[in-house]
Undergrad: 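Input: one structure, supplied below.
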Amino acid sequence: MEVPTMTDAPHITGDVTVIQHPLVQHKLTLMRQKHASTGEFRRLAREISLLMAYELTRDLPIETTEIETPLETMQAPILAGKKLCIVSILRAGDGIMEGMLDLVPSARVGHIGLYRDPATLVPVEYYLKLPDDIAERLVIVVDPMLATGHSAAAALSRLKQAGATQLRFACLLTVPQGLRVLTEAHPDVPVFTCSIDRELDEHAYIRPGLGDAGDRLYGTK
Ligand code: URA
């Protein structure tokens, strides 16, 4: 089955990037396969997230600093400002956060936990821990599956309330419906994904998808 790309989803108006790098697409295909073991799935999540972090940080500001090489002094490029902050939406976001930290080891890390109230279906926050200076950092919010988009939209709202002004959202998979919810609620937040899949099923699972990302990362089913 052909999975849709942004050109097949012209009704999505937000700033959405589908990461088409061949290594990313290859690793995603391996992750989707039902026979991938917990260990393989976790390793692939880590590798693919490192590659995603490369795309997400393409335009970080650079300044120059004077350094000494063994031979002479030079003006060399270095990242400007405070290092970024990765915020994981619990629990599956941790599987993406780890790979990003491999590439940006000095990034700060935040966590947000939300559950959906079964009666009202409204996302309720049960955990929040963020760096104090989140307002001064580029914040990359990670959750492997952007499904209905409601938890992600609530997480972004909470982070803005905590002072974050510069946000990006990264997921492995999404669907047009979830993308629409997120980009309409937060048109200022660029979204990076590896695939826009076909649809959500009646249980809000992404189809064709990869199953339950948390269970596959942690072997809980
Ligand atoms: N969360 C998952 O882990 N998988 C889906 O398909 C949708 C939401």
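Whatever order the structure lists them in is the order used to number ligands and atoms, beginning at 1. Small disclaimer: the values here were computed from a predicted structure and weren't measured. This chain uses plain numbering: 1 for the first residue, then up along the sequence.
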Undergrad: Is a donor from one side chain sitting under 3.5 angstrom from an acceptor on the other, for Asp212 and Tyr205?
TA: yes
Undergrad: Less than 3.5 Å between some nitrogen or oxygen of Met145 and one of ligand 1, yes or no?
TA: no
Undergrad: What residue and atom, counting heavy atoms only, is the protein's closest point to atom 7 (C) of ligand 1, and at what distance?
TA: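 Residue, atom and distance for the closest contact: Ala204 O, 3.4 Å.
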Undergrad: Quick one: look up the protein heavy atom nearest atom 6 (O) of ligand 1 and list residue, atom name and how far away it is.
TA: Ile206 N, 2.7 Å
Undergrad: Tyr205 heavy atoms, cut-off 4.0 Å: which ligand 1 atoms fall inside?
TA: 4 (N), 5 (C), 6 (O), 7 (C)
Undergrad: So for atom CG, which belongs to Asp132, do other residues, nucleotides or ligands contribute more than 12 heavy atoms lying within a distance under 6.0 Å?
TA: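 Result for CG/Asp132: open.
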Undergrad: Any side-chain donor-acceptor pair under 3.5 Å between Thr220 and Arg91?
TA: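 Yes, Arg91 and Thr220 have a side-chain donor paired with an acceptor closer than 3.5 Å.
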Undergrad: Return yes if a side-chain donor-acceptor contact under 3.5 Å exists between Ser195 and Arg32, otherwise no.
TA: yes
Undergrad: Looking only at protein heavy atoms, which one is nearest to atom 3 (O) of ligand 1, and what is the separation?
TA: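 Minimum-distance protein heavy atom for atom 3 (O) of ligand 1 reads Ala213 N, 2.7 Å.
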Undergrad: For Val141, run the side chain to side chain contact (heavy atoms under 4.5 Å, CB included) check against Ile112, Val191, Ile89 and tell me which one passes.
TA: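 Only match with Val141 under side chain to side chain contact (heavy atoms under 4.5 Å, CB included): Ile89.
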Undergrad: Within less than 4.0 angstrom of ligand 1, does Gly211 place any heavy atom?
TA: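 Contact check Gly211 vs ligand 1: positive.
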Undergrad: Crowded around Tyr54 OH? As in, over 12 foreign heavy atoms under 6.0 Å?
TA: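 No - once you tally the heavy atoms of other residues, nucleotides and ligands closer than 6.0 Å, there are 12 at most.
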Undergrad: Against heavy atoms of Ala147, which atoms of ligand 1 measure under 4.0 Å?
TA: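 Listed by number with element: 7 (C), 8 (C).
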